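We count residues from 1, following the sequence as given. Not measured: the values here are computed from a predicted model.
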Amino acid sequence: MTEVLDLAKRLIAAPSVTPATGPVFDAMEAMLAPLGFEVKRFKRGEGEEGSPEAPVENLFAIRCGPPGSKHFAFAGHLDVVPPGSGWASEPFEPEQRGELLYGRGAVDMKGSIACMVDAVAKVPADAGTISFIVTGDEEGPALHGTRALIDFMREHGHQPDLCLVGEPTSVNRLGDMMKIGRRGSVNIWLEVEGTQGHVAYPHLAENPIPKLVAMLAELDALVLDEGTDWFQPSNLEITDLEVGNMAHNVIPAKAEARISIRFNDRHSGVSLSEKVGAIAEKHGGVAKPIISGEPFLTPPGEFSDIIAAAVKAETGIDPEPSTTGGTSDARFLRAVCPVIEFGLCNATMHKRDEAVAVEDLEVLSRIYARVARAALAL
């Protein structure tokens with residue numbers, strides 16, 4: 001058994017459905033402390049279990065290099081989505097079958113974190129400062145996870161020069177894609193109030209449904225943009241529609257809907273919220289937005305070149321720089337320093353029988369070690 005495989009198994013074996021606390025962080029701390037890292041764990045959040053404000057555990061670990069040396073950070077999450085039923089083996093009992101390691105979090109992203117830990121063991125302590133920014137709340141509301149870690153770093157004066165997030169970015173084979181940016185995300189709840197009444201006496205009521213339908217038709221017809229050099233076009237999708245009217249002969253008092261917008265750097269969450277709000281008001285309704293994240297881009301350059309060179313050296317392929325896909329905690333870390341995401345193949349993430357190729361773990365560990373050494377040598 002290789003060291004990185006053992007590390008991955010130890011993390012997978014600690015159940016950590018979001019928000020993760022306790023044993024999985026114990027395992028992580030036990031891996032880092034012998035490598036010379038000072039480990040700080042803390043919780044934030046005071047809500048009840050199951051609420052967005054539920055307590056979240058976070059870990060920041062740092063191994064300081066010589067004064068004035070560069071600071072390179074690895075970032076990721078130990079929480080996982082619920083495994084669901086129907087697995088061929090127990091989701092939190094890692095099992096190797098052939099060339100694959102099965103378990104929830106194998107690729108998203110306990111496998112990548114194991115590779116990070118294995119990689120730093122190969123980087124001399126005097127090469128520079130290395131830190132780990134690890135949360136237990138990336139798959140959940142993300143209110144008290146990486147944001148809390150950023151607050152902690154600012155309070156204690158820990159400022160990375162570069163940060164690599166280990167999300168599973170590879171598509172068909174390890175190394176074929178890295179994420180140099182992501183689109184932003186905003187969800188908007190729409191409401192139209194009416195006056196309830198009998199359908200036979202419409203003059204005594206006010207039906208909110210036609211107003212909502214007209215509002216949604218105008219929103220659905222919007223062309224937000226045609227895309228940019230690095231981003232695909234922004235898209236607005238209607239994701240829910242509800243009236244809740246149980247009677248066939250009653251004009252309802254309220255109609256509601258929800259839309260979700262993924263947007264590029266031609267927009268902001270605020271500008272889109274204002275645009276939708278104006279259209280909602282025009283049709284007699286209101287809009288209530290929640291902005292999940294703003295778009296970000298780390299333009300191709302020195303950092304992406306370091307990652308590309310490391311991937312090329314270990315796999316022989318050139319990773320494609322991309323901004324496709326959903327959001328990640330890189331949307332918060334972008335405010336700290338340049339950030340790029342690179343990790344394992346994403347074909348089985350969030351799926352039943354999630355699995356990673358054992359060889360990919362070994363190769364990714366070597367890639368991460370190359371990236372860390374090169375980043376610290378800048």
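- A salt bridge links Glu206 with Lys211; the closest basic N to acidic carboxylate O contact falls under 4.0 Å.
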After noting the C-alpha distance and the side-chain angles of Glu29 and Arg41, does the key distance pass the salt bridge (charged side-chain N to carboxylate O under 4.0 Å, His left out) rule? CA-CA 9 Å; Glu29 182 174 5; Arg41 292 164 57 180; 2.8 Å; yes

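- One side chain, Ser89 or Arg97, offers a donor N or O that lies under 3.5 Å from an acceptor on the other.
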Can you give the donor-acceptor pairs under 3.5 Å from side chains of residues 186-203 to other protein atoms, not counting sequence neighbours?
{"from": "Asn187", "atom 1": "OD1", "to": "Ser260", "atom 2": "OG", "distance (Å)": "2.9"}
{"from": "Glu191", "atom 1": "OE2", "to": "Lys288", "atom 2": "NZ", "distance (Å)": "3.4"}
{"from": "His198", "atom 1": "ND1", "to": "Ala200", "atom 2": "N", "distance (Å)": "2.9"}

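- When only modelled atom types and interatomic distance are considered, Asp225 and Asn264 share a side-chain donor-acceptor pair under 3.5 Å.
- When all heavy atoms of Leu164 and Phe72 are compared, the pair lying nearest together is CB-CZ, 3.7 Å.
- The cationic atom of Arg183 (NZ for Lys, CZ for Arg) does not lie both less than 6.0 Å from the six-membered ring centre of Phe231 and within 45° of the ring axis.
- Both Phe296 and Val336 are members of a single hydrophobic cluster when ILVMFWY side chains are connected at heavy-atom separations under 4.5 Å.
- Put simply, Val243 and Leu219 are part of two different groups of oily side chains (I, L, V, M, F, W, Y) that touch within less than 4.5 Å, one to the next.
- Ala247 pairs by the side-chain contact (heavy atoms from CB on, under 4.5 Å) definition with Asn245, Asn249, Val250, not counting sequence neighbours.
- The aromatic rings of Phe60 and Phe152 are tilted relative to each other, their planes meeting at an angle between 30° and 60°.
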Does the salt bridge (charged side-chain N to carboxylate O under 4.0 Å, His left out) test come out yes or no for Arg182 and Glu341, once each step is laid out? CA-CA 10 Å; Arg182 297 276 191 166; Glu341 302 170 48; 2.6 Å; yes

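- The number of heavy atoms from other shown groups lying within 6.0 Å of CD (Glu218) is above 12.
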Could you give the side-chain donor-acceptor pairs of residues 370-378 under 3.5 Å, partners two or more places apart or in another chain?
{"from": "Arg370", "atom 1": "NE", "to": "Glu314", "atom 2": "OE2", "distance (Å)": "2.7"}
{"from": "Arg370", "atom 1": "NH2", "to": "Glu314", "atom 2": "OE2", "distance (Å)": "3.4"}
{"from": "Arg373", "atom 1": "NH1", "to": "Lys122", "atom 2": "O", "distance (Å)": "3.4"}

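- In this model, no donor atom of one side chain and acceptor atom of the other lie less than 3.5 Å apart for Gln159 and His71.
- For the pair Ile340/Val165, no side-chain contact is recorded, criterion being any heavy-atom separation below 4.5 Å from C-beta on.
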